[in-house]
Amino acid sequence: MNFNKLLIFNCILLFSVACKQEVEETKKEKPSVAPNVVFVLADQWRAQSIGYLGNEDVITPNLDSLAMESAVFHNAVTVMAVCAPWRGSFISGQYPLTHGVFYNDKPFPTEANTIAKIYKKAGYQTGYIGKWHLNGHKRGEEPFSARNKPVPKERRQGFDYWKVREVTHNYNDSFYFDEENQKQFWEGYDAFSQTDSAISYINKNKDNPFLLVLSWGPPHDPYHTAPEAYKKMYDASKISLRPNVPEAFADSARNVLANYYAHCTALDHSVGELLAAIDEAGIADNTIFVFTSEHGDMLMSKGALKKQRPYDESIKVPLLIRYPDKLGKVAHQIYDPINTPDLLPTLLGLSDLGIPETVEGTDFSKPLIDGDELGNEAALIMLPVPFHEWKFLNGGREFRGVRTKKYTYVKDLLGPWLLYDNELDPYQMHNLVDLPQFTQLRNHLDGVLMAKLKATNDEFLPADKYMTKWKYLYDRNDSIRKENYLELNR
């Protein structure tokens, strides 16, 4: 090594050591004060569509900057890639078959122990803005009948400040209900107005600890409804595609992606405004700021749209956690998987709050504080009941699986279904499950999966068993299998 290279190497080494020492000194000097929690949730934003994780087409400068000061999770895995089940698992720290919301628009239990109830008991102010999707409809009602109704106060799970719509996918001039269930309207693109409301809440509560969840509807379809200024930032013809998008779908995929990215960039703008407001309020160092999404979107990979499937485009989401007081303000790259039920206990651990026995997820706050990997081999993925866009008639099937740092392994009711080496095959184009040279690996991963199912009391039964157990009815023709359909239409 010549003198110049040696000098550069030593400078880099000294700088790295100085940064680490500064972070450690910052952690030691800070008094123990209850941190604020700002949890920002997008809907259907996949991990493959964000700048800091390697996408060069999408424009996300604020999130890319945030990643430079955060714990960056490269394998954040949604336990069930669909809206309401994810939300139930997030607010309770439980798996879907425990809290019972494994199907959209089914009612989350009123008596559940939830994130807002826990923080409220610890003296926090609690607020929720945006999409809820946990109230559900009563048995026998029209499947989507509750989406435009207010959520009763006793069904708000401990959140007091309340500007919420159960569900809408109209993101322009949409309505919501306030604390008194009075109908109000978000002006223009609702994510912008919701962010303004979040900033107002932060400014009013900055002198006391608070928990705020800001839940946006985009970039969930319809893809074409982002503000025009952001749509003009993308030329569909120049959008690059993942290699697992079939050529026959290439044009459709580029058009969908251009509109999807426009939503992403609009939300990134809101992240920037929110972070600036937190800085201006003087609470950035003592605020746990989380950005994530419920689940991903296939966006024509493997010729499919939307979610529920066990592929990475569906199950992997962005996840950033910034908390300068305990984690410093340098990027911490994390490759071990983290699962949806782990979010609540990890937030509680970072907040120095006790974790209730009802919580099934794992607290990973210590490795985050220590700057270590999580020490977690696998995250559980599941679909107990296929429904809606991936119902049985559309090829949906019950499955359970695990996503490790390197592999994806999935079983359906007939046995092993998928096995991918995600490092060698990042687009999951080569299923190894039936190849004899991978039998030992498959058996190991099957053991990991079986241990996860045993730990969560999951018997991996056919869908009808769970629908009967929870006294749920299928929506419309969700229950019809292909063989039954063919029989009925002969």
Side-chain angles (χ1 to χ4, degrees), residues 43-44 78-89 92 94-110 112 131-149 151 155 166-169 220-221 294-298 304-311 314-315 340 380-401 410-414 417 453 456-490:
D43 188 350
Q44 212 156 292
T78 179
V79 65
M80 186 173 168
V82 68
C83 298
W86 186 95
R87 290 166 180 270
S89 290
S92 68
Q94 296 177 335
Y95 289 87
L97 291 176
T98 300
H99 60 69
V101 181
F102 49 82
Y103 194 115
N104 273 356
D105 300 288
K106 304 304 181 188
F108 184 81
T110 304
K131 177 183 174 181
W132 180 242
H133 211 172
L134 284 171
N135 192 39
H137 65 80
K138 295 178 181 178
R139 178 182 166 91
E141 288 186 331
E142 200 281 325
F144 301 144
S145 60
R147 293 190 172 192
N148 296 327
K149 295 179 181 178
V151 178
R155 299 274 298 138
E166 173 71 355
V167 182
T168 184
H169 296 304
H220 189 294
D221 56 287
E294 298 173 330
H295 50 75
D297 191 323
M298 295 300 293
L305 276 174
K306 304 182 184 178
K307 59 271 187 181
Q308 290 192 335
R309 294 160 174 81
Y311 307 111
S314 175
I315 66 169
T340 312
L380 181 65
I381 57 174
M382 62 169 64
L383 187 66
V385 180
F387 61 88
H388 297 179
E389 65 259 18
W390 209 46
K391 57 192 173 186
F392 292 110
L393 282 176
N394 293 342
R397 62 176 83 180
E398 303 98 320
F399 69 77
R400 305 290 190 275
V410 186
K411 297 177 75 169
D412 63 14
L413 290 174
L414 298 178
W417 172 28
L453 298 186
T456 56
N457 299 309
D458 183 351
E459 299 178 81
F460 193 4
L461 302 173
D464 292 348
K465 297 288 186 181
Y466 297 109
M467 297 297 282
T468 300
K469 175 182 176 180
W470 288 86
K471 298 182 174 59
Y472 293 158
L473 300 177
Y474 284 98
D475 290 350
R476 296 166 185 166
N477 64 351
D478 280 357
S479 66
I480 302 175
R481 276 68 166 176
K482 280 189 174 181
E483 57 271 24
N484 301 128
Y485 181 80
L486 293 173
E487 185 70 29
L488 289 169
N489 288 275
R490 281 180 178 174

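For the single chain, residues carry numbers from 1 onward in sequence order.
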- Task: Name all residues meeting the side chain to side chain donor-acceptor pair (under 3.5 Å) criterion together with D412; count only those two or more places apart in sequence or in a different chain, and write none if there are none.
- Result: R397

- Task: Classify the angle between the aromatic ring planes of W417 and F399 as parallel (below 30°), tilted (30 to 60°) or perpendicular (above 60°).
- Result: tilted

- side chain to side chain donor-acceptor pair (under 3.5 Å) partners of R87, counting only residues at least two apart: Y128, S215, E294

- In chain order, what residues pass the salt bridge (charged side-chain N to carboxylate O under 4.0 Å, His left out) check against R476, with sequence neighbours excluded? E142

- Sequence neighbours excluded, which residues qualify as salt bridge (charged side-chain N to carboxylate O under 4.0 Å, His left out) partners of D297? none

- Note on the structure: Sequence neighbours excluded, the answer for ring pair (Phe, Tyr, Trp, His ring centres under 6.0 Å) partners of F108 is H99

- Message: Does any part of the side chain of P107, heavy atoms only, come nearer than 4.5 Å to the side chain of V101, both counted from C-beta?
- Response: no

- K306 side chain to H220 main-chain N or O, any donor-acceptor pair under 3.5 Å? no

- Side-chain donor or acceptor of Q308 paired with backbone N/O of G396 under 3.5 Å: no

- Task: Kindly write out the residues that satisfy side chain to side chain contact (heavy atoms under 4.5 Å, CB included) with L461, not counting sequence neighbours, or none if the list is empty.
- Result: E459, K465, Y466

- Backbone of A146 reached by a side-chain donor or acceptor of E166 within 3.5 Å: no

Under 3.5 Å, side-chain donor or acceptor atoms of residues 380-391 against the rest of the protein: list the pairs with distances, not counting sequence neighbours.
residue: H388; atom: NE2; partner: D475; partner atom: OD2; Å: 3.0
residue: E389; atom: OE2; partner: K307; partner atom: NZ; Å: 3.4
residue: K391; atom: NZ; partner: N477; partner atom: OD1; Å: 2.9

- Message: If the condition is salt bridge (charged side-chain N to carboxylate O under 4.0 Å, His left out), which residues does R400 pass it with, not counting sequence neighbours?
- Response: D458

- Message: Which residues pass the side chain to side chain donor-acceptor pair (under 3.5 Å) test with T456, not counting sequence neighbours?
- Response: none

- ring pair (Phe, Tyr, Trp, His ring centres under 6.0 Å) partners of H295, counting only residues at least two apart: none

- Is a donor on one side and an acceptor on the other found under 3.5 Å between the side chain of D105 and the backbone of H137? no

- Task: Indicate yes or no for a side-chain donor-acceptor contact from Y474 to the backbone of I480 under 3.5 Å, with no hydrogens or angles considered.
- Result: no

- Message: Run K131 and C83 through side-chain contact (heavy atoms from CB on, under 4.5 Å) and show every step you take.
- Response: CA-CA 10 Å; K131 177 183 174 181; C83 298; 3.3 Å; yes

- Message: Among residues at least two apart in sequence or on other chains, which ones pass ring pair (Phe, Tyr, Trp, His ring centres under 6.0 Å) with H133?
- Response: none

- Message: Which residues pass the side chain to side chain donor-acceptor pair (under 3.5 Å) test with T340, not counting sequence neighbours?
- Response: W86

- May I ask you to test the M467-F102 pair for a side-chain heavy-atom distance under 4.5 Å? yes

